[in-house]
Novice: 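Dumping the structure here so I can ask a few things about it.
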Amino acid sequence: MYSDRVLMQVRNLTVDYVGDHSVARAVNGIDFDIREGEAFGLAGESGCGKSTVAFALARLTRLPGLVSGGEVRLNGEDVLKFDKARLKAYRWNEVSFVFQSAMNALNPVIPVSEQIMDVIETHQPDLGAEGARKRAVELFDLVGIPSKRLDDYPHQFSGGMRQRICIAIALALQPRLIIMDEPTTALDVVVQRDIIEQIVELKGRLGFSVLFITHDLGLMIEFCDRIGVMYSGELVEVAPAETILTDPRHPYTRALGNSFPPLTGPRLRMEGIPGTPPDLRALPQGCRFAPRCPHAMDICRSVAPELRAYPELRSEAACHLLN
Amino acid sequence: MTYILRRVAFYLAAFFVAVTLNFFIPRIMPGDPSARIIASFQGRLNDAQVEAIRASYGTTGSLWEQYIGYVGQVLRMDFGISTVQFPEPTSSLLFYGATWTLVLVGIAIALAFLIGTMMGIHAAWNRGGFFDSVFTPINVMLNAFTPAVVALLLFYAFSLQLQWFPLGRAHSTGLVPSWDPQFIGNVLYHATLPVLSILIVSFGGWHLGMRNVMINLLNEDFVILARAKGLSDRRVRYRYVARNAILPQITSLALSVGFLLGGALVTEQVFNYPGLGKFTVTAIESRDYSFIQAQLLLLTMSVLVANLLSDIANVILDPRLRKG
Amino acid sequence: MADVTHTPSMTLLDRLDEAAIASAAPSQTELMRELRIKGRPGWTSNLPPSLAAFVTNPKGMTGVIVLLGLILFSLLGPVFSEYNPQRRAGKPHVAPSYEHVMGTTRMGKDVYTQLAYGSRTSLAVGFGAGLAAALIGLAVGISAGYFGGRIDDVLTFLVNVVLVLPGLPLIIVIASLVDSAGPLVIGIVLALTGWGWSARTIRTQTMSLRTREFILAAELMGERKWRIILKEIFPNMLSFFMGGLVLGTISAILAEAALSFIGLGDPNAVTWGTMLYWAQNNMALQVGAWWEIWPPAIAIMLTGAALVMINFAVDEITNPQLKASRKIGRIRRFLARRGRSADVF
């Protein structure tokens, strides 16, 4: 399980996308913690900003994205203010990343062995080429790929194996946190299960934390310890996985839960969530979900609710209905 | 391997299209092709040669037989007799000019590719910075200048006015072609302005091309991953980005051979450089049809060979093209 | 939902210490001001998006303005001259003066008049060839992309051959066999050899469009093929067609100039290329008659510059990555002011 010690604190994080004529605020001042050894899931529909958060934490925000405010604290240091040298030590040593599409994440023209070994040689040069190769073999064993394929090229592997290779690379330097951005979305269901089980097993053995991004709430509930639900750039609820669907606090979380058909039981009439998320370039005052919320009150449209903690429920939520 | 074979098959087909066009175009044009050709020799042909020309143009044999005959001639590299340098066979003129053009265009392409690519890499890496904001527009503007204008300007400024460079030709008269350094030096001296005029007009294209390819690559997941891994700048730049960027650039290189040969035409004309282009211009003026047709085939062959070489390079450099 | 109205809660603002509050981001409007981003001009909202993007692109619009300037000159320029471009108008090689604003050529023809009338021919040939090439490319591209199968195989082979065969030598062969290759002939030949790129681009676009649902829906409903092409596919190709048209026109203008320069054109015609041809033939530079060379040279250079700028703009619009480059400097400065640096590039 996980301890209560906090590994990473995200405070007031704001990320904008700079366009030619407008600025879209993709993430608006969010706060959350990731504890040691925990699997924290970030859920939400497409475009809610969860991937943006993932990249921001890993210092991988691509232009024209811009982290315009906030802090990401690791051991008291602000990751966003790291200079080149400190950043290099941070990269992969402390936090590594798994991309959604393994095919795109691997360099097509160099062999896979080099792609594992180059990061080892860069951060642990005293191991030498031989040491790096030994470690590469270990990593392949860890994720269950025959090491004789170490020198093959990415296109020679299947989708599931490629994602395993990416996970192997992510583990190379034994980081404390692995950020996974929709690692199984591009895979079919059977392979998905394999990969998730693999991650669970490795996490249990090696003890790293995981920030797991996905839009698949069902998958997340099985795998994560705590789940944060994002809507339109803000965190609306953070709760333990067991209770998030059984006892949701926020209307959006509740509506999400209602959108998932149960695998067993009588056929139900499904409710989607009517309406569309707001335009990030011109956000409404007040609660962003208010236009689509069945319980919206007057105050919801004028004053934005803050994320409040409810310790007995071990969860946090941002909704005027709760006060 | 199959990939290469398919490309070779395509190139052979394209070459035969060129040969066929060469065969049919004179016969489609208004007028009697053989009469026109015979006339251009201005009476210097003997009867046997006149008969030969008539034969290949329509008096003996069916169209198909003539076609086969023509193809046979092409394969034997028998391109007839030149009118300008009568009675030299066209082929010797062709290859003499081709050699000099190769020197000129070879040096120019190599330099333009290297300089342009290096500048493009630098501009893409520091996107939006000083180098990129200043030099990218300048280089691209240079690219827009027609070779004719640039050649004329250089000629005017450096050959006529300042007299720093000779007025033309590939090497000083009186020197015998050989491999010794003195001759080579002389050749390079004469080639400087012509090479420069082609260089100025073409390196901007490589700069822009490489820059654009790199900028696209810099947003690919695997490059971001390379950064995320904390790899050194040098390794990211060369093993991840440039190594991938070179592939489309090599294809562009092959495609540009065709255009560069066109630019060489104008440059050779301005600098009186005895290359294929200059001879072609002379051939146009004096209606030397055998030369004109021969140069089409030779240039087509060169472009196809260049394309084939780039295909082979692609197979070597891109593991996805190898079967397995 | 459980009744939690009176549960004691702890706002997370308690968790936000001073440092976190101090690092807060500026509001969106403040950010826009700091990065100097202005809203989209109102009048562009009525235009289709790709056109709006082009119109607000300074490089592209400069190119278009230059081109329009040249067209305007070709239309109005001749009005200001009473000379005939093909007849002697004065003494040979007269320097620019009051009677001859741009001087005269070796044969005594007025340079300004030649330039003005020559513009008409050059632009007309260029536009004609460009339009013809674009139309051929459109027809071939749509057919290959839409019908697929055997037709696609044959057409693609044709396109590849046209693309790979070197255009200039082929043009030389054709043009030299015609007794006097006037601008019209050159235009036709340029069109016949220049439609390759257009065809390839349109074919790719048609193919990707073809698999979209609305096309399949139309086919299932029994719409006839040619109607589908006309009503569904063609409008989507319009922007590619226009792009190909503009670029094709300009390259045809440049190609005609080059061909005339080397003597392939009709020496008695008056185009920018023939002007350069005669200047070169008459050793204008050596004699010092720079006014015979510069006017057509500048006209050609302007055309080339327009090509480059429009190309730049089209690149930026079709390739969103390139567009991002413009704001990068400002974003970097924003970060530097706060003691931070960009994450990746």
Side-chain angles (χ1 to χ4, degrees), chain A residues 54-55 57-65 82 84-112 114-125 151-156 162 165-166 169-170 172-173 175 178-179 181, chain B residues 2-3 121 123-129 132-133 136 210-251 310-324:
Chain A
F55 286 119
L57 296 194
R59 291 287 309 259
L60 293 178
T61 308
R62 278 175 244 202
L63 298 158
F82 280 173
K84 214 167 155 190
R86 179 68 186 92
L87 188 58
K88 177 166 174 175
Y90 172 73
R91 288 205 194 282
W92 227 250
N93 260 318
E94 297 177 80
V95 171
S96 66
F97 204 98
V98 174
F99 284 82
Q100 174 172 341
S101 162
M103 188 65 236
N104 292 341
L106 293 171
N107 186 343
V109 298
I110 63 179
V112 163
E114 183 177 338
Q115 303 189 46
I116 302 183
M117 284 165 57
D118 61 17
V119 66
I120 301 175
E121 287 173 15
T122 303
H123 290 268
Q124 293 170 352
D151 292 308
D152 283 350
Y153 289 91
H155 69 277
Q156 294 172 284
R162 282 197 287 261
I165 294 175
C166 288
I169 300 178
L173 301 177
I178 302 185
I179 303 179
D181 182 16
Chain B
T2 40
Y3 174 72
I121 293 180
W125 198 258
N126 301 309
R127 212 170 17 141
D132 188 30
S133 320
T136 299
M210 190 63 174
R211 173 185 177 272
N212 288 357
V213 167
M214 291 245 327
I215 287 181
N216 274 315
L217 276 177
L218 291 179
N219 265 288
E220 288 281 338
D221 280 351
F222 68 86
V223 174
I224 302 290
L225 181 58
R227 284 296 238 178
K229 290 200 257 180
L231 303 178
S232 68
D233 267 3
R234 246 186 69 227
R235 189 182 273 268
V236 178
R237 208 195 288 217
Y238 292 110
R239 270 317 254 174
Y240 282 77
V241 187
R243 184 65 180 71
N244 276 284
I246 211 74
L247 297 171
Q249 287 297 86
I250 290 189
T251 313
S310 96
D311 287 333
I312 294 180
N314 263 325
V315 169
I316 295 179
L317 291 173
D318 188 349
R320 290 167 290 186
L321 289 177
R322 298 175 223 155
K323 230 9 192 147

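Excluded from the calculations below are hydrogen atoms, water molecules and symmetry mates; all remaining heavy atoms, backbone and side chain alike, are included. Below, chains carry the letters A, B, ... as their sequence lines are ordered, and counting in each starts from 1.
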Novice: Between B:R235 and chain A, which part of the residue has a heavy atom less than 4.5 Å away: side chain, backbone, both or neither?
Specialist: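 Side chain only.
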
Novice: Under the ring-ring contact (aromatic ring centres under 6.0 Å, His included) rule, collect the residues that match up with A:Y153, sequence neighbours excluded.
Specialist: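 By the ring-ring contact (aromatic ring centres under 6.0 Å, His included) rule, A:Y153 matches no residue at all.
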
Novice: With only heavy atoms counted, which part of B:L247 is less than 4.5 Å from chain A, the side chain, the backbone, both or neither?
Specialist: side chain

Novice: Might you point out which heavy atoms bring A:P108 and B:P319 nearest each other, and give the distance in Å?
Specialist: O-CG, 3.3 Å

Novice: Nearest 0.5 Å, please: how far is CZ in B:R227 from NZ in A:K88?
Specialist: 11.0 Å

Novice: With chain B, which of A:N107, A:V98, A:V95, A:V119 has the greatest number of heavy-atom pairs at distances under 4.5 Å?
Specialist: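 If we count pairs closer than 4.5 Å to chain B, A:N107 comes out on top.
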
Novice: Sort A:A58 into side chain, backbone, both or neither according to what part of it lies under 4.5 angstrom from a heavy atom of chain B.
Specialist: neither

Novice: Just so I know, are the side chains of A:F97 and B:I224 near enough to count as touching, which here means a heavy-atom distance under 4.5 Å?
Specialist: no

Novice: If I measure from the heavy atoms of chain B, does A:E121 come under 4.5 Å with its side chain, its backbone, both, or neither?
Specialist: side chain

Novice: Please identify each residue that fulfils side chain to side chain donor-acceptor pair (under 3.5 Å) with A:R91, with sequence neighbours left out.
Specialist: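 Side chain to side chain donor-acceptor pair (under 3.5 Å) list for A:R91, sorted by chain: empty.
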
Novice: So which of A:L60, A:D152, A:L106, A:D118 has the biggest tally of heavy-atom pairs under 4.5 Å with chain B?
Specialist: A:D118

Novice: Mind running salt bridge (Lys or Arg N to Asp or Glu O under 4.0 Å) on B:D221 and A:R62 for me, showing each step along the way?
Specialist: CA-CA 11 Å; B:D221 280 351; A:R62 278 175 244 202; 3.1 Å; yes

Novice: Could you check A:T122, A:I169, A:I116 and say which one makes a side chain to side chain contact (heavy atoms under 4.5 Å, CB included) with B:K229?
Specialist: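 Exactly one candidate clears the test, A:I169.
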
Novice: If we only count heavy atoms from C-beta on, is the B:Y240 to A:I110 side-chain gap below 4.5 Å?
Specialist: yes

